[in-house]
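Naming convention: chains lettered A, B, ... in sequence-line order (proteins, then strands); numbering from 1 in each chain. On a predicted model such as this, the values are computed, not experimentally measured, just so you know.
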Number of protein chains: 2
Amino acid sequence: MLFQKLVFELLVPIYTKSFILYTNEDILCKGANSLSISSRFSVGIHILSLLEINKGGVSSSDFIAKSVNTNPVVIRKIIGMLKNAGLVNVRPGIAGAEPARDLSEITLLDVYKAVNVVQEKALFSVHESPNPACLVGRNIQDTIGPLFSEAQLAMEKSLGNVTVEDVVKDILKRES
Amino acid sequence: MLFQKLVFELLVPIYTKSFILYTNEDILCKGANSLSISSRFSVGIHILSLLEINKGGVSSSDFIAKSVNTNPVVIRKIIGMLKNAGLVNVRPGIAGAEPARDLSEITLLDVYKAVNVVQEKALFSVHESPNPACLVGRNIQDTIGPLFSEAQLAMEKSLGNVTVEDVVKDILKRES
DNA sequence: TTTCATTGTAACTAATTTGATTACATGTAA
DNA sequence: TTACATGTAATCAAATTAGTTACAATGAAA
């Protein structure tokens with residue numbers, strides 16, 4: 001075990017320098033990058049819309065995966081989250097999922113919360129352990145915390161104004 | 001080179017199975033996690049507030065780093081972004097940074113944009129290449145794109161309502 | 001002009017999260 | 001029983017963050 005570990009630690013730097021350097025160029029030429037909220041959210045909306053539009057048929061994870069263009073396991077994980085949030089009905093062994101309530105009563109905010117893409121009051125991260133000996137350091141967190149929460153709530157409120165039914169209607173409208 | 005690569009690829013699985021499994025437990029027991037916007041943003045606000053409160057003194061990257069409790073290079077990177085956005089003045093070789101304009105004319109939205117934590121219209125990621133043969137797949141992106149943009153703009157508008165001067169005043173108020 | 005502190009920046013790292021994938025256990029119906 | 005679907009654990013490659021070392025470039029002061 002120890003021998004493996006030693007050999008490993010000797011080889012990694014050699015291997016890294018020999019083979020992986022090209023990757024660094026791609027990364028480091030960029031400078032600072034930015035983040036996006038997980039596509040679980042958009043996939044969750046896609047799934048619920050598809051359940052509605054495929055109402056007559058059976059929406060298995062395989063079927064949905066083909067529409068989303070991803071792996072069925074990804075779909076089953078997200079459907080599991082929607083189920084935990086009470087948004088869909090789905091049972092082991094039985095093909096197909098269904099909305100648990102009328103889509104006019106499911107907002108994008110419900111889906112957003114179900115798929116757990118952003119924690120409450122944690123859209124913005126605040127740097128940890130600023131210096132308590134500094135006037136700014138010992139107050140900055142309490143000062144910006146409420147401001148960040150308010151901004152996050154404004155975003156979430158916007159999501160709460162739209163239902164999945166609205167999304168389905170817009171999709172159908174684009175085809176007419 | 002090829003030999004190194006082969007040995008490496010043989011050893012990695014062995015090493016992984018032997019030594020790194022404990023890490024997986026920590027990670028995998030969690031299920032899906034969530035993201036936060038980079039603390040560059042809160043550090044940027046901290047820096048500008050400190051420049052104001054330390055107006056009489058010299059705010060070098062070392063000085064600021066001690067207040068934020070991080071590495072001076074991290075501070076210099078963020079100050080570089082603030083400089084690019086025209087929010088601070090700072091020159092190579094000369095210690096200290098200063099706000100480039102009155103803090104009552106710098107909003108949190110200005111800082112947010114300066115430190116590039118979220119791209120325009122890209123707070124939410126949309127799953128790529130949905131199936132164009134599906135009614136939902138070929139329309140979902142166009143349908144949810146504007147909805148996501150609106151939610152993002154609501155958040156950003158909230159940030160635009162607060163200036164760094166407001167933040168400084170709140171910090172001072174907490175000490176009185 | 002030399003010295004020295006400071007900014008600017010490249011290179012690298014460990015830790016996290018994401019989305020995808022394989023494998024398989026569990027559950028249901030024909 | 002067989003066949004198929006859901007549930008879920010275990011991995012993986014890629015991307016991002018925050019931190020670190022190292023050093024080049026700049027400017028002020030001795």
Side-chain angles (χ1 to χ4, degrees), chain A residues 12-13 16-17 20-21 23-43 58-65 68-81 83-84 88-97 115-119 125 127-129, chain B residues 12-13 16-17 20-21 23-43 58-65 68-81 83-84 88-97 115-119 125 127-129:
Chain A
V12 168
T16 303
K17 292 221 180 289
I20 309 187
L21 273 177
T23 307
N24 295 326
E25 290 179 7
D26 295 335
I27 294 174
L28 292 167
C29 62
K30 288 185 190 171
N33 295 303
S34 58
L35 260 190
S36 285
I37 288 171
S38 167
S39 67
R40 279 201 304 277
F41 182 27
S42 72
V43 173
V58 174
S59 298
S60 67
S61 63
D62 256 307
F63 172 79
I64 299 170
V68 174
N69 191 22
T70 185
N71 192 291
V73 175
V74 172
I75 299 298
R76 292 203 286 271
K77 279 181 187 165
I78 295 174
I79 285 185
M81 294 175 137
K83 179 185 179 179
N84 284 338
V88 303
N89 291 325
V90 55
R91 280 175 297 173
I94 302 180
V115 297
N116 194 34
V117 281
V118 176
Q119 299 292 338
S125 54
H127 58 293
E128 288 182 355
S129 53
Chain B
V12 168
T16 304
K17 291 224 181 285
I20 308 186
L21 274 178
T23 308
N24 295 327
E25 290 180 9
D26 294 337
I27 295 173
L28 291 169
C29 63
K30 287 184 191 170
N33 296 302
S34 59
L35 262 188
S36 284
I37 288 171
S38 168
S39 67
R40 277 201 305 275
F41 183 27
S42 72
V43 172
V58 174
S59 299
S60 67
S61 62
D62 257 307
F63 171 80
I64 299 171
V68 174
N69 190 24
T70 186
N71 191 291
V73 176
V74 172
I75 300 297
R76 292 204 286 271
K77 280 181 188 167
I78 295 173
I79 285 185
M81 293 175 137
K83 180 185 179 181
N84 284 338
V88 304
N89 292 325
V90 55
R91 280 176 297 173
I94 303 179
V115 297
N116 194 33
V117 281
V118 176
Q119 299 292 337
S125 54
H127 59 291
E128 290 183 352
S129 53

Looking at side-chain heavy atoms only, is the closest gap between A:Thr70 and A:Val43 below 4.5 Å?
-> no

Nearest whole angstrom, please: distance from the P of D:dT6 to the CG of A:Asn89.
-> 14 Å

Shortest non-hydrogen contact from B:Pro72 to B:Asp62?
-> CG-OD1, 3.4 Å

A:Ser38 side chain near C:dG19 phosphate (N/O to OP1/OP2, under 4.0 Å) | yes

Assign each of A:Pro92 and B:Ser60 the nucleotide of DNA chain C bearing its closest heavy atom; nearer the 5' end lies the nucleotide of B:Ser60

Rounded to the nearest 0.5 Å, what's the gap from NZ on A:Lys83 to CZ on A:Arg76? Could you check?
-> 13.0 Å

Could you state the interatomic distance from CD1 (A:Ile75) to OG (A:Ser59), rounded to the nearest 0.5 Å?
-> 11.0 Å

Can you tell me how far C1' of C:dA15 sits from CD of A:Glu128, to the nearest Å?
-> 13 Å

The correct set of residues in residues 70-79 of chain B placing a heavy atom under 4.0 Å from DNA chain D is B:Thr70, B:Asn71, B:Val73, B:Val74, B:Lys77

Distance test, side-chain N/O of B:Lys83 to OP1/OP2 of C:dT7, below 4.0 Å = no

Separation of atom CD1 in A:Ile37 from atom P in C:dG19, rounded to whole Å | 11 Å

Nearest 0.5 Å please: distance from the CD1 atom of B:Ile37 over to the CD1 atom of A:Ile37.
-> 6.5 Å

Side chain of B:Ile94: nearest nucleotide among D:dA28, D:dT6, C:dG8?
-> D:dA28

Under 4.0 Å between a side-chain N/O of A:Ser39 and OP1 or OP2 of C:dG19, yes or no?
-> yes

Atom pair distance, as rounded to whole Å: CG in A:Asn84 and C1' in D:dT6 | 14 Å

note: A:Arg40, atom CZ; C:dG19, atom C1'; distance rounded to Å ~ 10 Å

What's the shortest heavy-atom distance between A:Phe41 and A:Val115, and which atoms?
-> CA-CG2, 3.8 Å

B:Asn89 side, atom CG; B:Ile79 side, atom CD1 - distance, nearest 0.5 Å | 11.5 Å

In whole angstroms, the gap separating P of D:dG7 from CE of A:Met81 amounts to 13 Å

Length of the CZ-P vector between B:Phe63 and C:dT7, whole Å | 12 Å

From CG of B:Asp62 across to P of D:dT21 the rounded distance in Å is 13 Å

